[in-house]
Amino acid sequence: MDRLKLVLQYFQSNSESISNGICIILALVSVKLYTSFDFNCPCLPQYNKLYSLGVMIVPPIILFFLGVLVNRHTGVMMEEWMRPIGNRSKNPAVVKYLFSAMIQRALLAPMVWILVTLLDGKIFICAFSVSVDPALFSGLPNNTGLDVVKIMAKVPCKEDIIFRNSSFRKAVSRYVRCYSQAVGWSILLFLIVLGAMGRLIKPYFDDHATSLQTRYWSNYLDVEQKLFEETCVLHARDFARKCVVQFFEDMREDAVLRLPQPLFLRNSREEWEDKEEERLHGVSKQEQVDQLLNKWYHSKPELDVTRMAHRPRTCVTWEDREGRTLYSDV
């Protein structure tokens, strides 16, 4: 149970971990979908390859766009790319980094689907059994009255009557499945080598300081968007509470029995109202809220917090009649 909590805390720590978790889940879902999918080859020369390639290509496309849809980097990247410049300049390197991260995560589930189909081999057999030369194998059922193309197209259908008690279909299936698995393992090896080479060669062609800056500001954009949304939720809740309380107070009749309020309740109410006013930040009308949100979109604040880091404070200095400093708390 403790390990499960640690895993959940890791995936909730930041949006990048959440995106990785979602991509892993999509990859596992793609494997589960393929294993539960009942693939039935048409066993017709004109439809075998079309149907097989459709099963191999269409689900990865769906999984890819689903990965793009659920990836948080997509929203952050599009918002940064489409926003007006305003008081903050755009950084193309950050947009490029977010796009690269989004594509890499979105491609995981489609690649898993393709690799699973190739290693299984059923779709490859359905698509390319017609392309196999039947002269390489013995036992071709030539007493069926069908031409060779139609016979080879029926190889994926083991329940067909023409292949009953025939070793020809098994030999052709093994032959094509070996090619399919060879292609699958080759693609997997290529991807692993490509990833390893990219990790090894990248430091020689990439400025580490620039890479750190890009990663920092991409994380900043993500955190800024989440904090803004959380602040909007808090502000909207307090704004709605004020409106509801004000509505019921306006509907209250004049004849009300008023009793002296205990001191501890008065103090707690005043503290709660002060905290509520602090969250509202003086924005108490619909026009002000709309103007504030419009300003945030068209002119985001500068990336400068020196005004908050060095707030002006009042310093007291005592001087005599001649202007000489007697004491100062500076």
Side-chain angles (χ1 to χ4, degrees), residues 3-4 6-42 47-78 96-129 131 156 173-202 215 218 222:
R3 292 182 179 179
L4 180 61
L6 291 175
V7 173
L8 292 177
Q9 289 176 358
Y10 169 76
F11 284 119
Q12 293 175 354
S13 59
N14 52 54
S15 62
E16 187 171 356
S17 302
I18 294 175
S19 300
N20 292 336
I22 292 175
C23 292
I24 293 174
I25 292 174
L26 285 177
L28 296 177
V29 167
S30 66
V31 176
K32 183 64 178 177
L33 285 175
Y34 180 79
T35 54
S36 60
F37 174 66
D38 188 14
F39 178 78
N40 294 313
C41 186
Y47 295 114
N48 278 13
K49 186 173 294 186
L50 182 63
Y51 178 71
S52 301
L53 294 179
V55 173
M56 186 176 288
I57 294 175
V58 174
I61 295 176
I62 297 174
L63 291 171
F64 173 77
F65 284 106
L66 185 61
V68 172
L69 181 65
V70 300
N71 197 328
R72 183 173 174 84
H73 285 113
T74 306
V76 178
M77 180 198 68
M78 293 303 299
K96 181 180 177 182
Y97 174 82
L98 292 172
F99 179 77
S100 176
M102 177 197 67
I103 292 297
Q104 290 177 12
R105 289 172 174 82
L107 283 175
L108 177 61
M111 290 306 304
V112 170
W113 176 277
I114 293 174
L115 289 174
V116 170
T117 57
L118 290 174
L119 294 178
D120 182 63
K122 289 188 296 186
I123 295 179
F124 211 80
I125 294 173
C126 181
F128 298 103
S129 61
S131 303
S173 298
R174 284 196 301 267
Y175 179 78
V176 181
R177 181 176 284 111
C178 288
Y179 268 101
S180 177
Q181 293 176 349
V183 173
W185 287 114
S186 299
I187 294 176
L188 182 60
L189 179 62
F190 173 76
L191 293 176
I192 294 175
V193 172
L194 183 64
M197 293 298 295
R199 282 294 185 91
L200 294 174
I201 298 176
K202 184 179 179 180
R215 188 177 181 86
S218 64
D222 183 25

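These figures come from a predicted structure and were not determined experimentally. Index from 1, following the sequence.
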Gap separating the CZ atom of Arg72 from the OG1 atom of Thr74, nearest 0.5 angstrom: 11.0 Å
Derivation and outcome, side chain to side chain contact (heavy atoms under 4.5 Å, CB included), residues Met56 and Leu118: CA-CA 9 Å; Met56 186 176 288; Leu118 290 174; 4.0 Å; yes
Donor-acceptor contact below 3.5 Å, side chain Ser129 vs main chain Ile125: yes
What's the spacing between Leu194 CG and Leu191 CG if we round to 0.5 Å? 7.0 Å
Nearest 0.5 Å please: distance from the CD atom of Gln104 over to the NE2 atom of His73. 10.5 Å
Contacts of Phe128 meeting side-chain contact (heavy atoms from CB on, under 4.5 Å) (sequence neighbours excluded), chain-then-number -> Lys49, Phe124, Ser131
Distance col, row Leu63:CG vs Leu107:CG, nearest 0.5 angstrom, shows 11.0 Å
If you look at every heavy atom in Ala106 and Gly67, which pair is closest and at what distance? CB-C, 4.0 Å
CZ on Arg177 to CG on Asp120, rounded to 0.5 Å: 7.0 Å
Tyr175 meets the ring-ring contact (aromatic ring centres under 6.0 Å, His included) criterion, sequence neighbours left out, with Phe137, Tyr179
Pair Leu69, Phe65 - check side chain to side chain contact (heavy atoms under 4.5 Å, CB included), show working. CA-CA 6 Å; Leu69 181 65; Phe65 284 106; over 6 Å; no
Within 6.0 angstrom of Phe39 CZ, more than 12 heavy atoms from elsewhere: yes
Side chain Ser186, main chain Ala182, donor-acceptor under 3.5 Å: yes
Taken to the nearest 0.5 Å, the spacing of Ile123 CD1 from Asn48 CG works out to 12.0 Å
Could you pull out the closest heavy-atom pair between Leu119 and Trp185, with the gap in Å? CD2-NE1, 3.5 Å
Determine whether a donor-acceptor pair (N or O, by modelled atom type, separation under 3.5 Å) exists between the side chain of Ser218 and the backbone of Arg215. yes
Val58: which residues meet the side-chain contact (heavy atoms from CB on, under 4.5 Å) condition with it, sequence neighbours left out? Ile62
Less than 4.5 Å apart, side chain to side chain, heavy atoms only: is that true for Phe64 and Ile61? no
Where do Ile114 and Pro60 come nearest, in terms of heavy atoms and distance? CG1-CG, 3.8 Å
